[in-house]
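What follows is a single structure, written as structure tokens, with notes after it.
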There are 2 protein chains.
Amino acid sequence: MVKMMLERIHLTVIQAVDRHGSLTAAASHLHLTQSALSHSIRKLEDKLGTPIWLREGRNLRLTQAGEYLLGISNRLLPQLEHAESKLRQMARGERGTLRIGMECHPCYQWLLKVVSPFLEQWPDVDVDVKQKFQFGGVGALVGYEIDLLVTPDPFHKSGLRFDPVFDYEQVLVVPLDHPLANRRYLNANDLRDEVLLTYPVPADRLDIYTQFLNPAGVVPKRHKTSETTDIMLQMVASGRGVAALPRWLAEEYSSRLALKVVRLGRKGIAKQIYLGTRESDDRVEYLNAFIELARRHENPARGGDS
Amino acid sequence: MVKMMLERIHLTVIQAVDRHGSLTAAASHLHLTQSALSHSIRKLEDKLGTPIWLREGRNLRLTQAGEYLLGISNRLLPQLEHAESKLRQMARGERGTLRIGMECHPCYQWLLKVVSPFLEQWPDVDVDVKQKFQFGGVGALVGYEIDLLVTPDPFHKSGLRFDPVFDYEQVLVVPLDHPLANRRYLNANDLRDEVLLTYPVPADRLDIYTQFLNPAGVVPKRHKTSETTDIMLQMVASGRGVAALPRWLAEEYSSRLALKVVRLGRKGIAKQIYLGTRESDDRVEYLNAFIELARRHENPARGGDS
DNA sequence: ACCAACCCATGAATAAAACTAATGGTTAGA
DNA sequence: TCTAACCATTAGTTTTATTCATGGGTTGGT
């Protein structure tokens, strides 16, 4: 067997130095002396045969090897930490933490409605929701950053499973007094002179583009983005634009704001939300329970008042 | 900072015990005594608060926590090992190893033609080709199992880059004396009574299904698979079926075997091969060089004899 | 039923390593 | 030109890892 030389401590030190700027600072954060870190890294450098930092006066700059190691550290350490915490939870007889990834802005409200009964039903399982991923949601699932992915576009690959949990229709939300407000449905051309509001995601991930505007070669007058549904719909209500949202979400707001919902295209834009999991997790009870709960959960489209 | 307790040695021991069946055997493989391993694991168990194995008579059986740790080990240890080897290569001034993943059976021959000039041009870079991935090719790319993915279906996600390297046409290969051999092009119905030979991949990854047969609702009489192109085309030549392959590949064989190439559909099935990489690798010279080489490489369709 | 062959756990002793304290050299900024 | 901040190094100390020696338990063959 080849000599082991890369130990966790080395990754930890490299990460800490990067975060805190100096060996000394890193040392104090790690509750060690500067000397300890210096020794430990020097030993690694000796074994590797290459320096990790260039000593430039009183500060350090990563070498190429160092950059590479920093990448390794940032990737592997969180996995070790999560493993430890999961093991501790197992030891305590708890069930663990369900890490949910969201790739679907408007689903957030729907998710909350599934999470709350879940938390009641599984008092010993915590839930954690993440939204930003270096390699996208699927990457996060594959890389063990999350355990469950909520997404509108499933990606069937070996090792992953996607279960549809509900269907919905993507509609356009316009102000009550808007010229388009009373149309039965819209054509792409109707948006030519509108300001379109969306969540801040790339256009190729927005169905209103991929399924509606692009095929017709139409571009709206302007495109603005908003992080939150509330603000977005406030903007719509005050006549500053139109927004594309799931029907159930739009209808929830249209009772409170001066909004109207209009179909996109004669047949409407049909969408589905999927829950993605790793096949290797197929025996994790609380994960299956969550999916089951999500599937049984009353379809949000049929939720509201008659 | 929370106590660090999961060290590399623990993962190594757990993996070794799983592989060799007993602590004693694992110890000898690791060049340590049985006692050392016993102590080291016991310490981990104490810190975790849960046993890793159930001691059943003279052998060990993994507990749930142990199973989980074994998974972690099998996932993380190879990454550490690869990091070490890459760092050693960096130290020696070598360029490293380019790990190529293949998701495209017939591309193998094309790949060889790119690899050989690459190896000449970069004598200090090794090439390694892998074909099986737990989470598919994209997963392997994201999970740092490979550095480059050869695939016919790109998957645009943040953090990944896909460069098209060549276009080709997917055609049907039939025996010279086959009734369809002289047709200018085929319709899906023409395959109704044929035996179709393909590589052993799921039908939803085969273009002849997704782009040709499925849209017309046609199913061939039988579907057989073959791992290798040679065997597959031997089968075709001996009248046992027909096969869908890239035109350039089919034409290479049709000079040696009694085969004819026929277009699928009036316009043919157009395909592209992409090379996928991580964006974070965009400064790895030899990787970019490989892509450049692949792109410049004479399009295989125009390769052969007139 | 007994014995030989395994296998794992444990405690004490030892070898190895990690860590600290003290110190000196270098650099950047007042 | 001081001073404060940093890192490296040496020597000494503490902690940890490993071994050795041993004992107890299980298994399978005779």
Side-chain angles (χ1 to χ4, degrees), chain A residues 1-63 65-66 69-70 73 80 84, chain B residues 1-63 65-66 69-70 73 80 84:
Chain A
M1 157 170 261
V2 181
K3 245 180 311 190
M4 283 197 271
M5 45 194 194
L6 245 194
E7 294 297 329
R8 181 173 184 178
I9 185 67
H10 301 124
L11 303 183
T12 308
V13 170
I14 288 165
Q15 192 184 55
V17 169
D18 181 64
R19 283 190 181 157
H20 303 115
S22 77
L23 258 192
T24 312
S28 90
H29 281 266
L30 296 175
H31 306 296
L32 288 170
T33 60
Q34 169 268 131
S35 177
L37 269 53
S38 181
H39 280 301
S40 134
I41 289 294
R42 151 147 307 263
K43 201 167 143 193
L44 176 63
E45 289 181 328
D46 286 350
K47 291 203 186 178
L48 287 176
T50 174
I52 291 167
W53 292 290
L54 296 174
R55 277 70 172 175
E56 296 188 330
R58 70 179 171 190
N59 37 316
L60 307 173
R61 214 187 63 223
L62 286 167
T63 60
L69 270 172
L70 178 59
S73 307
L80 285 171
E84 282 175 348
Chain B
M1 159 171 255
V2 182
K3 246 180 312 187
M4 282 197 270
M5 45 194 197
L6 243 193
E7 294 298 330
R8 181 172 183 177
I9 186 67
H10 300 127
L11 302 183
T12 308
V13 171
I14 288 165
Q15 192 184 56
V17 168
D18 182 63
R19 283 190 182 157
H20 304 116
S22 76
L23 258 192
T24 311
S28 90
H29 281 267
L30 297 174
H31 306 298
L32 288 171
T33 60
Q34 168 269 130
S35 176
L37 269 53
S38 180
H39 280 301
S40 137
I41 288 295
R42 152 148 306 263
K43 201 166 142 191
L44 176 62
E45 289 181 328
D46 286 350
K47 290 204 187 180
L48 286 176
T50 173
I52 290 167
W53 292 291
L54 296 174
R55 279 67 173 176
E56 296 189 330
R58 71 178 170 194
N59 36 313
L60 307 173
R61 215 186 62 222
L62 287 167
T63 60
L69 270 172
L70 178 59
S73 306
L80 285 172
E84 281 174 347

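Note that the structure is predicted; figures quoted are calculated from it, not measured. Each chain gets a letter, A, B and so on, in the order the sequences are listed, and its residues count up from 1.
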Remember a base hit wins even if backbone is also touched, and classify Ser22(A) as base, sugar-phosphate or nothing at under 4.0 Å, heavy atoms. sugar-phosphate
May I ask you to test the Leu69(B)-Leu48(B) pair for a side-chain heavy-atom distance under 4.5 Å? yes
Once you round it to whole Å, what is the distance between C1' of dG25(D) and CG of Asn59(B)? 12 Å
Atom CG of Leu54(B) to atom C1' of dT26(D): distance rounded to whole Å? 16 Å
If I take atom CG in residue Leu23(B) and atom P in nucleotide dG25(D), what distance separates them, rounded to the nearest angstrom? 18 Å
Atom CD of Glu56(A) and atom C1' of dC7(D) are separated, to the nearest Å, by 14 Å
Within the structure shown, what part of the strands sits under 4.0 Å from Thr24(A) by heavy-atom distance: base, sugar-phosphate, or nothing? sugar-phosphate
Between atom CG in Asp46(B) and atom C1' in dA9(C), what is the gap in whole Å? 12 Å
Summarise how protein sits on nucleotides 16-24 of chain D as a single string, 5' to 3': B when a protein heavy atom is under 4.0 Å from the base, S for sugar-phosphate-only contact, - for no contact. SSSBB----
Any heavy-atom pair between the side chains of Leu60(B) and Arg55(B) that's under 4.5 Å? yes
Sub-4.5 Å side-chain heavy-atom contact between Glu7(A) and Glu7(B): yes
For Ile52(A), the option from Val17(A), Val13(A), Leu44(A) that meets side chain to side chain contact (heavy atoms under 4.5 Å, CB included): Leu44(A)
Between CD1 on residue Ile9(A) and CD1 on residue Ile14(A), distance to nearest 0.5 Å: 10.5 Å
Can you tell me how far P of dA17(C) sits from NE2 of His10(A), to the nearest Å? 12 Å
Please determine if a side-chain N or O atom of Arg55(B) lies less than 4.0 Å away from the OP1 or OP2 oxygen of dG25(D). no
Can you find a pair of side-chain heavy atoms, one from Glu84(B) and one from Leu80(B), that are under 4.5 Å apart? no
Quick one: is dT9(D) close enough that its OP1 or OP2 comes under 4.0 Å of any side-chain N or O from Arg42(A)? yes
